[in-house]
Protein chains: 2
Amino acid sequence: MNIGDIARMAGVSRAAVSRYLNSGYVSDEKRERIRRVIEETGYQPSVMAQTLRTKKTFLIGVILPRVNSDSISSVIEGIGPVLQDAGYNMLLATTDNSPVKELEFLQIFSNHRVDGVILVATVFTEEHKRILKDYALPFVLVGQSLPGFACVYHDDYSAGLLLTRYIIGKGRRNVGYIGVLSEDEAVGQRRFEGVRDALAEGGIPLSPGMRETADFSTESGYERMKALFERRGDIDAVICATDRIALGAMRYLKEAGKRVPEDVAVAGFGDNIVSGVTSPAMTTVRFRYRESGMLAAEKILKEISGGGDDRQQVMLDVGLVPRESV
Amino acid sequence: MNIGDIARMAGVSRAAVSRYLNSGYVSDEKRERIRRVIEETGYQPSVMAQTLRTKKTFLIGVILPRVNSDSISSVIEGIGPVLQDAGYNMLLATTDNSPVKELEFLQIFSNHRVDGVILVATVFTEEHKRILKDYALPFVLVGQSLPGFACVYHDDYSAGLLLTRYIIGKGRRNVGYIGVLSEDEAVGQRRFEGVRDALAEGGIPLSPGMRETADFSTESGYERMKALFERRGDIDAVICATDRIALGAMRYLKEAGKRVPEDVAVAGFGDNIVSGVTSPAMTTVRFRYRESGMLAAEKILKEISGGGDDRQQVMLDVGLVPRESV
DNA sequence: TTCCGATGTGACATCGTTCTCATAATCATC
DNA sequence: GATGATTATGAGAACGATGTCACATCGGAA
């Protein structure tokens, strides 16, 4: 059942049906005949043919490391409805944290499978920058700031500052830090810099012995806390780059017979769902993940509809969530 | 840059290039010429045109209530890689728990936007069954069993049985149940039936006064626990249809000065990420969410590749996760 | 009467592939 | 040297829409 069949049944030309469907001059009489035939047959124009002809897929490619994560799934929930309201759908690609796969998908999507791309990446290699430099499609970066490209990201530096000042304000002086690899600029670098600067500002610069690097897991948080504590038994506060890491740290401290927060304060970043459930409940920093998704979706839609290629950066503010662990 | 350009540049016909790309007779000499031109130009065939011609989109529509949920995002993580390995991509649609939107997306997708559909639904209305009855595309249901359709689901009944027997085994006799609405057959009915039958089997049938119905939120778990406790102060165990509800119940009990599990045992279903973090850590039942996604993806691929329309049901087993709250 | 703008209309080319089909060349076999 | 199988080739017709364009029609104004 194609547009030709409908035209024949309604006794009009294919062009008339096309005009009826889109918008153009169709007399009332023919309009009605076409309407009835379409209703009777339940005809729906072929998306495939429309796509070939118009070069619009109404699809946005969304590339992300994984989806089973509190923060990332919030981003997706932000993106989804905005796109759907505009008649777009999400083409989801998970890279399992592999930068290579990320580039692969950028490649696949560029072949006009989608109208635009939203990239939620943690690490940007030189290869990334090279490919993005002259990427065929409009795209928006989420979660990291890359100068010269459209992105929506969080104020990780202020997050570090905010949390650390709060901890210093609570009278802690022997503060440790468990971070993540510095390839991740936002989580690995910005957060650390905020923490470092706040400590320096408070007159208690971070000594090398007070710093550890974990991967993103709870287990690794446990291990790094152990290392930290065995080296510096006098530690009275530890800041962790993520809530999951902080959870591991808290577990170790409990096992080691330390009280949180009386003996050692523990804090994380992200306001992960688990952080409200631990006991003591974890002090952390809230990021606007859902909003970052919404903004990214709006941004990509604007770029597609040609509202000027909007390369500006959008930074979202963060907020302290004081609970019981500090 | 299209196939015609490549043909011209290589001095062959379009058909030859097409055969080169797909497979057919191409002489070594021409093969080499075509290869070089493609390499030089970086030509990639247009997915849109291929789709129109071949009627294959290599897209699977995935419809789900939301993504920011530990269980559902695990399902997605199961689906993704399986599809990707087969050269397919996921078209994600979130319905925000609205059955109407669910039907809308089924409608949208049916118009040959995708090659098949995976539907993660919680409620099946008559309308659902009517539409699915003669749906144009292959589809697989996840999480619920609907006779006559291909589905992958969990053994919710055994989950209820297993958990309840365990609790009875721990000597609890005044057992309450906080369930969810019965329109959700798997979570609302099967789990309840398992609990009910195990209690009956243990000679302590569930009295109406021991049953409450919550929505899926922690807050509602708190409220329902309060109602239950105020009515039956002698309660010594409560089973909740989900871990989130159980978390609310645990919070209320703590506030009411009850010890868990000494005074009241608390258990949930789902092995949600939070259940390992509460203190005491929550006893629950593990479901194979990720595997259900993988199996659903494999099933839909098999149906698409015409491996017989495989309407059989696949039930996944569950496992008790004993921790500290019982 | 003539002219003009607004409104309607259908033929036809186009988008970029795949695929059928008719035909050619090559080689071995009888 | 005729026959047939095998390999190779390109012309051209789909696929199912959209959009351009030339042309009709029809009031109403000059």
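Naming convention: chains lettered A, B, ... in sequence-line order (proteins, then strands); numbering from 1 in each chain.
- For the residue pair A/Asp184 and A/Gln144, a side-chain donor N or O sits within less than 3.5 Å of a side-chain acceptor on the partner.
- Per the geometry, CE belonging to A/Met48 stands 18 Å off C1' belonging to D/dT18, to the nearest Å.
- The side chain of A/Lys56 contributes no N or O atom lying less than 4.0 Å from OP1 or OP2 of D/dT18.
- Of the N and O atoms on the side chains of B/Gln107 and A/Gln44, at least one donor lies less than 3.5 Å from an acceptor on the other residue.
- Of the candidate nucleotides D/dG12, C/dA13, D/dT9, D/dT9 has the atom lying nearest to any side-chain atom of B/Val26.
- A/Asn22 has no side-chain polar atom (N or O) that falls below the 4.0 Å cut-off from OP1 or OP2 of D/dG19.
- Spacing between atom NZ of A/Lys30 and atom P of D/dA24 amounts to 15 Å, rounded to whole angstrom units.
- Across C/dT9, D/dG12, D/dG10, the shortest atom-to-atom separation from the side chain of B/Arg14 is found for D/dG12.
- Contacts of A/Ala16 with the nucleic acid, taken as non-hydrogen atoms under 4.0 Å apart, involve only primed sugar atoms and P, OP1 or OP2.
- If you check the side chains of B/Tyr88 and B/Lys56, you find a donor sitting under 3.5 Å from an acceptor.
- The CD1 atom of B/Ile3 sits 15 Å away from the P atom of D/dT9 (whole-angstrom rounding).
- Taking 4.0 angstrom as the limit, A/Ser27 places a side-chain polar atom (N or O) nearer than this to OP1 or OP2 of C/dT9.
- Between C/dT14, C/dG16, D/dA13, one nucleotide has an atom nearer to the side chain of B/Ser46 than all others, and that is C/dG16.
- Atoms CG (B/Asp28) and C1' (C/dT26) sit 15 Å apart, rounded to a whole Å.
- When rounded to the nearest whole Å, the span between CD of B/Glu29 and P of C/dA25 equals 15 Å.
- Between the CG atom of A/Leu21 and the C1' atom of C/dT9 there is a distance of 16 Å, given to the nearest Å.
- Using a 4.0 Å cut-off, some side-chain N or O of A/Gln50 falls inside it from OP1 or OP2 of D/dT18.
- When distances are taken from the side chain of A/Arg53 to each of C/dG10, C/dC19, D/dA17, the shortest belongs to D/dA17.
- Here A/Lys55 does not reach the OP1 or OP2 of D/dT18: none of its side-chain N or O atoms lies under 4.0 Å away.
- A perpendicular orientation is assigned to the rings of A/Phe139 and A/Tyr135, their planes being inclined by more than 60° (bins at 30° and 60°).
- Residue order along DNA chain D, read from the 5' end via each residue's closest nucleotide, puts B/Ser13 first among B/Ser13 and B/Leu52.
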Evaluation steps, salt bridge (Lys or Arg N to Asp or Glu O under 4.0 Å), between B/Lys129 and B/Glu126: CA-CA 5 Å; B/Lys129 291 172 196 163; B/Glu126 282 308 314; 3.7 Å; yes
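- Residue B/Tyr25 has a polar side-chain atom (N or O) positioned under 4.0 Å from OP1 or OP2 of D/dT7.
- In this entry the distance linking CG of A/Asn2 with P of D/dG16 reads 5 Å, nearest Å.
- Rounded to whole Å, the distance from CZ on B/Arg113 to P on D/dG16 is 17 Å.
- Between the side chains of A/Ser182 and A/Gln189, not a single donor N or O lies within less than 3.5 Å of an accepting N or O.
- Looking at which nucleotide of DNA chain C each of B/Arg19 and B/Gln44 is closest to, the 5′-most match is held by B/Gln44.
- A/Tyr20 comes within contact range of no nucleotide atom at all, as no heavy-atom separation falls under 4.0 Å.
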